Amino acid sequence: MRKEIPMNTRNLLIASVIGAVVTTAFANIPILNLLNCLICLPFWGGPLLACWYYKRQTGAMTMNQALSVGVVTGLFAGVLGFILSFVGMAGASGLVNQANQFLPADSIPTELLTGGLAILFTLTGVMFNILFGVIGGAIGGAIFK
């Protein structure tokens, strides 16, 4: 029977914040956001980085811990993206702002930026972050355990 390694909450939070910041930066900074074209690399790459950092800090990591790191990283990245949506850098408003760079002026209705549809779109993005956090955590667990 294997001895279970206890989860280090401090290192979990530090690794998750680092992974979430990297995810959010690579998904929203112009030019860097083109990495999204590579199978959503920022969304599973950030949690993968967080798993690597957690393993480096603690010396050991189980698959359950890797999945936990991935979920928390995805949750934090989703919350950061949600916050950035209010300043037009992520979510529905970020999408419309980027589309307006290539389309004629006012071709996208401003109603998309307000109301329930924009919030629903952004909250779906948070769930997307968590889902890809699980994927990144699973990959990190398989690589770094």
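As the structure is a computational prediction, the values presented were derived from the model and not from experiment. No hydrogens, no waters, no symmetry mates; every other heavy atom, side chains included, goes into these values.
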Linked, directly or transitively: Phe128 and Leu34 (ILVMFWY side chains, under 4.5 Å)
no
Let me confirm one number: the CG-CE distance from Leu75 to Met127, rounded to the nearest 0.5 Å.
9.5 Å
Determine the minimum heavy-atom distance between Ala77 and Ala20, stating which atoms define it.
N-CB, 3.4 Å
Give a yes or no on whether Leu32 and Leu48 share a hydrophobic cluster (residues Ile, Leu, Val, Met, Phe, Trp, Tyr; joining criterion: side-chain heavy atoms under 4.5 Å apart).
yes
Residues Ser16 and Val72: closest non-hydrogen pair is OG-CG1, 3.4 Å
From CD1 (Ile83) to OG1 (Thr122), nearest 0.5 Å
12.0 Å
Begin from the C-alpha positions of Tyr53 and Ile14 and carry the test side chain to side chain contact (heavy atoms under 4.5 Å, CB included) through to its verdict.
CA-CA 9 Å; Tyr53 185 81; Ile14 292 169; 3.6 Å; yes
Has Trp44 got a side-chain atom pairing as donor or acceptor with Val134's backbone, closer than 3.5 angstrom?
no
Heavy atoms only: give me the nearest Thr58-Ala60 pair and the separation to one decimal.
OG1-O, 2.8 Å
Check the pair Thr24 / Leu84 against side chain to side chain contact (heavy atoms under 4.5 Å, CB included), numbers first and verdict last.
CA-CA 9 Å; Thr24 305; Leu84 288 176; 3.4 Å; yes
Neighbour count >12 (heavy atoms, 6.0 Å) for atom CE, Met63:
yes
Go through the steps for Met7 and Val69 under the test side chain to side chain contact (heavy atoms under 4.5 Å, CB included), then give the verdict.
CA-CA 10 Å; Met7 188 86 180; Val69 169; 4.1 Å; yes
Decide yes or no on side chain to side chain contact (heavy atoms under 4.5 Å, CB included) for Tyr54 and Asn8, but give the supporting numbers first.
CA-CA 9 Å; Tyr54 181 84; Asn8 185 320; 3.9 Å; yes
Leu67 CG to Ile135 CD1 distance, which is reported to the nearest 0.5 Å
11.0 Å
Taking every non-hydrogen atom, the tightest pair across Gly137 and Cys51
CA-SG, 3.7 Å
Ile18 and Leu49, any side-chain heavy atoms less than 4.5 Å apart:
yes
Nearest-0.5 Å distance that lies between atom CG in Leu38 and atom CZ in Phe26
12.0 Å
Using every non-hydrogen atom in the two residues, find where Ala66 and Gly141 come nearest and quote the distance to one decimal.
CB-CA, 3.4 Å
Is there a donor-acceptor pair closer than 3.5 Å between any side-chain N or O of Thr23 and the backbone N or O of Pro42?
yes
Would you say Trp52 ends up clustered with Leu13 if hydrophobic residues are merged whenever their side chains have heavy atoms under 4.5 Å apart, either directly or through other cluster members?
yes
Checking the side chain of Lys55 only, and the main-chain atoms of Phe144 only, is there a donor and an acceptor separated by less than 3.5 Å?
yes
Shortest non-hydrogen contact between Pro47 and Gly133, atoms and distance
CG-CA, 3.5 Å
